[in-house]
Amino acid sequence: MNEDIKKQIQEVHAWLDKHVQVFVEPQAVTLSDFSVNWDEFSGDFRVALDAVELPFKLRFGLETSGETKFHLPMFHSPLGAPASYAAIELTPKTLAAIKQGLHQAIPRVMAAGSNKLTGQNIEFNTPPQQRLSADVLKSAMARIIQDYSVSISLKKVK
C-alpha cells in the first residue's frame, strides 16, 4: 500500500474517532414518534437510550425476509474516502433491542419467494398489504398512532 493511501486511512480513522458518537449500553431502549408509509412498510422513528433521546430519527424499510430493518445514520465519504461509516456506535445488545422493538411495532409480512402453504409466489415488489392479513395490518395501523411507544429492557435481550 502506498504512503498516500496509508496517510488517508489514518486521517479518516482519526476523523471518525472525533465525529462518531459512541453510546454506552442503556438499561432500556424506547422507540417512539413513528412515521410509517404503510404502502411500503418504511419510515422512521425516534430512539431513547434510557432517558437520552438520540438527536435524529432512525429509518427503516422492508427486507426480502418480510421483516423490517433499521438503518443507522451514516457519514458518506468523509475526507473523500470512498466509503460510508456509521455516525453512531451502539452496543450489539442495544442494536438487538432496537430491532426487537421495531418488530413489535411493525408486523412481519410474508417473505419474498414461493409460499409453501399457499403456493403463492411473492415478489419483493408485491405490496406489503398483500403479504399479511388485513386484520394484522389494521391492528398495526391503529396501534401506531401519535403517542405510541415501545420499550425494551436490555435485561430481556439475548
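For clarity, every value in this text was computed on a predicted model and none was experimentally measured.
With hydrophobic clusters built from ILVMFWY side chains whose heavy atoms lie under 4.5 angstrom apart, Phe70 does not share a cluster with Val52. Cluster annotation: Val29 and Leu95 are assigned to the same hydrophobic cluster (Ile/Leu/Val/Met/Phe/Trp/Tyr, side-chain heavy-atom contacts under 4.5 Å, transitive). Both Leu31 and Phe23 are assigned to one and the same hydrophobic cluster, defined by single-linkage of ILVMFWY side chains at heavy-atom distances under 4.5 Å. Two different hydrophobic clusters hold Leu62 and Ile122 under the rule that ILVMFWY side chains link at heavy-atom gaps under 4.5 Å. Two different hydrophobic clusters hold Met74 and Leu16 under the rule that ILVMFWY side chains link at heavy-atom gaps under 4.5 Å.
Taking each heavy atom of Ala140 and Ala105 in turn, the nearest pair found is CB-O, 4.4 Å. Here the closest heavy-atom approach between residue Pro73 and residue Phe56 is recorded as CG-CE1, 3.5 Å. Looking at every heavy atom in both residues, Gln104 comes nearest to Arg143 through O-NH2, 3.4 Å. Of all heavy-atom pairs between Arg46 and Pro55, the closest is NH1-C, 4.3 Å. Listed here is the closest heavy atom pair of Ala86 and Leu72: CB-CD1, 4.2 Å. Scanning both residues, Ile152 and Ala97, for their nearest heavy atoms gives CG1-O, 3.6 Å.
Looking at heavy atoms from C-beta onward, Arg108 lies out of side-chain contact with Leu132 at the 4.5 angstrom threshold. In this structure the side chain of Phe45 reaches within 4.5 angstrom of the side chain of Ile98, judged on heavy atoms. Counting only heavy atoms from C-beta outward, the side chains of Glu67 and His103 approach each other to under 4.5 Å. Side-chain contact between Val157 and Gln100: present, with at least one pair of heavy atoms (C-beta onward) separated by less than 4.5 Å. Proximity of Val22 to Leu90: side-chain heavy atoms (C-beta onward) are nowhere separated by under 4.5 Å. Using a 4.5 Å heavy-atom threshold, the side chains of Lys69 and Phe60 count as separate. At least one side-chain heavy atom of Gln129 sits under 4.5 Å from a side-chain heavy atom of Leu137. You'll find the side chain of Ile144 reaches within 4.5 Å of the side chain of Ile106, heavy atoms only.
Scored by the side-chain hydrogen bond (donor to acceptor under 3.5 Å, both in side chains) test, Gln27 finds no partners at all (sequence neighbours excluded).
Atom CZ of Arg59 sits in a sparse spot, with 12 or fewer heavy atoms from other residues, nucleotides or ligands closer than 6.0 Å. Summarising the local packing, NZ of Lys57 is surrounded by more than 12 heavy atoms from other residues, nucleotides or ligands at distances under 6.0 Å.
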Check your understanding: Do Thr30 and Ser151 pass the side chain to side chain donor-acceptor pair (under 3.5 Å) test, and can you show the C-alpha distance, the side-chain angles, and the key distance before you say yes or no?
Key -> CA-CA 4 Å; Thr30 301; Ser151 293; 2.7 Å; yes
Point to revise | Stepwise side chain to side chain contact (heavy atoms under 4.5 Å, CB included) test for Val36 and Met141 | key: CA-CA 9 Å; Val36 182; Met141 291 174 77; over 6 Å; no
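For Asp39 (side chain) and Pro127 (main-chain N/O), no donor-acceptor pair under 3.5 Å exists by modelled atom type. Looking only at distances, no side-chain donor or acceptor of Arg131 sits under 3.5 Å from a matching main-chain atom of Val109.
Between Phe41 and Trp38, the two ring planes are perpendicular [angle over 60°; tilted spans 30° to 60°].
A distance of 14.5 Å separates CD of Glu11 from NZ of Lys6, quoted to the nearest 0.5 Å. Here OG of Ser114 is found 5.5 Å from CG of Asn121. Values are rounded to the nearest 0.5 Å.
Tested against Leu102, the residues Thr68, Leu58, Val150 include a single side chain to side chain contact (heavy atoms under 4.5 Å, CB included) partner, Thr68.
Legend: ring pair (Phe, Tyr, Trp, His ring centres under 6.0 Å) pairs involving residues 126-157, not counting sequence neighbours, sorted by first then second residue: Phe34-Tyr148.
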